[in-house]
K.L.:
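One structure coming up, written as structure tokens, with questions to follow.
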Amino acid sequence: GAGVSQSPSNKVTEKGKDVELRCDPISGHTALYWYRQRLGQGLEFLIYFQGNSAPDKSGLPSDRFSAERTGESVSTLTIQRTQQEDSAVYLCASSLGLGGETQYFGPGTRLLVL
Amino acid sequence: AQSVAQPEDQVNVAEGNPLTVKCTYSVSGNPYLFWYVQYPNRGLQFLLKYITGDNLVKGSYGFEAEFNKSQTSFHLKKPSALVSDSALYFCAFYNFNKFYFGSGTKLNVKP
């Protein structure tokens with residue numbers, strides 16, 4: 001079956017530009033997470049969506065970061081006025097959302113800000 | 001503060017030898033505990049998880065992990081390492097709607 005997909009797989013942008021990253025979760029998964037993984041480091045939680053509840057945005061590093069999700073489907077992570085320190089792999093994961101269910105990760109989007 | 005620690009950045013082991021990748025956690029309540037593996041240029045893959053019950057959990061690719069409540073540890077183990085096990089391993093726990101990940105341990109298995 002189809003897993004979590006993310007697009008684009010790679011994105012190179014200039015400092016100051018806006019970027020939009022997309023995540024397609026597994027069908028039927030109500031929970032969706034975004035993480036950032038800097039080179040050689042662990043996963044940094046960014047934001048969490050669960051069904052129609054208000055998202056948990058507590059991990060977003062600044063107001064330049066925002067994310068949306070339409071219902072229980074696609075999510076987009078937007079980074080405005082990108083900075084070089086935003087360069088990282090952005091990972092999306094989804095789960096059944098019943099509480100502690102296994103997360104299934106997408107392949108990630110590798111973002112490079114020049 | 002809730003956190004998960006992987007004290008070793010890197011673990012080196014010879015093929016055929018047993019391996020252990022360490023993980024300890026600090027959390028209130030009874031979290032769910034996970035191990036994930038990340039192969040080069042690939043996404044994270046689920047290995048195993050502990051929710052309740054038997055302290056020894058068996059997972060994919062012959063891996064297992066032992067939950068020790070008194071030591072707040074959840075070490076990953078495998079009786080006989082393979083070169084193909086070389087990857088980055090992440091310990092994580094779930095508590096109050098969030099997942100917390102460790103910084104990762106790079107496992108090198110040498111022939």
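Chain A is the first sequence line, chain B the second, and so forth, proteins listed ahead of strands; every chain is numbered from 1. Just so it is clear, the structure is predicted and the values come from calculations on it, not from any experiment.
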K.L.:
Could you tell me whether A/E68 atom CD has more than 12 heavy atoms of other residues or ligands within 6.0 Å of it?
P.N.:
no
K.L.:
If every non-hydrogen atom of B/F90 is compared with every non-hydrogen atom of A/Q37, which pair is closest and at what distance?
P.N.:
CZ-NE2, 3.4 Å
K.L.:
Give the intermediate values and the outcome of side-chain contact (heavy atoms from CB on, under 4.5 Å) for residues B/K49 and A/E101.
P.N.:
CA-CA 9 Å; B/K49 69 178 177 183; A/E101 286 296 319; 4.1 Å; yes
K.L.:
Before giving the answer on side-chain contact (heavy atoms from CB on, under 4.5 Å), spell out for B/F46 and A/F105 the whole-Å C-alpha distance, their side-chain angles and the decisive distance to 0.1 Å.
P.N.:
CA-CA 9 Å; B/F46 167 77; A/F105 283 83; over 6 Å; no
K.L.:
Take atom CG of A/L39 as the centre, draw a 6.0 Å sphere, and report whether it contains more than 12 heavy atoms from other residues, nucleotides or ligands.
P.N.:
no
K.L.:
Is a donor on one side and an acceptor on the other found under 3.5 Å between the side chain of A/Y104 and the backbone of B/Q45?
P.N.:
no
K.L.:
Heavy-atom count around A/E85 CD within 6.0 Å, excluding the residue itself: above 12?
P.N.:
yes
K.L.:
Can you tell me how far the OG1 atom of A/T102 sits from the OH atom of B/Y36, to the nearest 0.5 Å?
P.N.:
5.5 Å
K.L.:
Is it true that, when you exclude B/N108 itself, more than 12 heavy atoms of the residues, nucleotides or ligands shown sit nearer than 6.0 Å to its CG?
P.N.:
yes
K.L.:
Given that the side chain runs from C-beta out, which part of B/Y100 has a heavy atom under 4.5 Å from chain A: side chain, backbone, both or neither?
P.N.:
neither
K.L.:
Under 4.5 Å from any heavy atom of chain B, what part of A/L43 do you find: side chain, backbone, both or neither?
P.N.:
both
K.L.:
Please determine whether residues B/Y39 and B/W35 belong to a single hydrophobic cluster, defined as Ile, Leu, Val, Met, Phe, Trp and Tyr linked transitively by side-chain heavy-atom distances below 4.5 Å.
P.N.:
yes
K.L.:
Is there a path from A/V12 to A/L21 through hydrophobic residues (I, L, V, M, F, W, Y) whose side chains come within less than 4.5 Å of each other?
P.N.:
no
K.L.:
When rounded to the nearest 0.5 angstrom, what is the spacing between OH in A/Y35 and CZ in B/F99?
P.N.:
6.0 Å
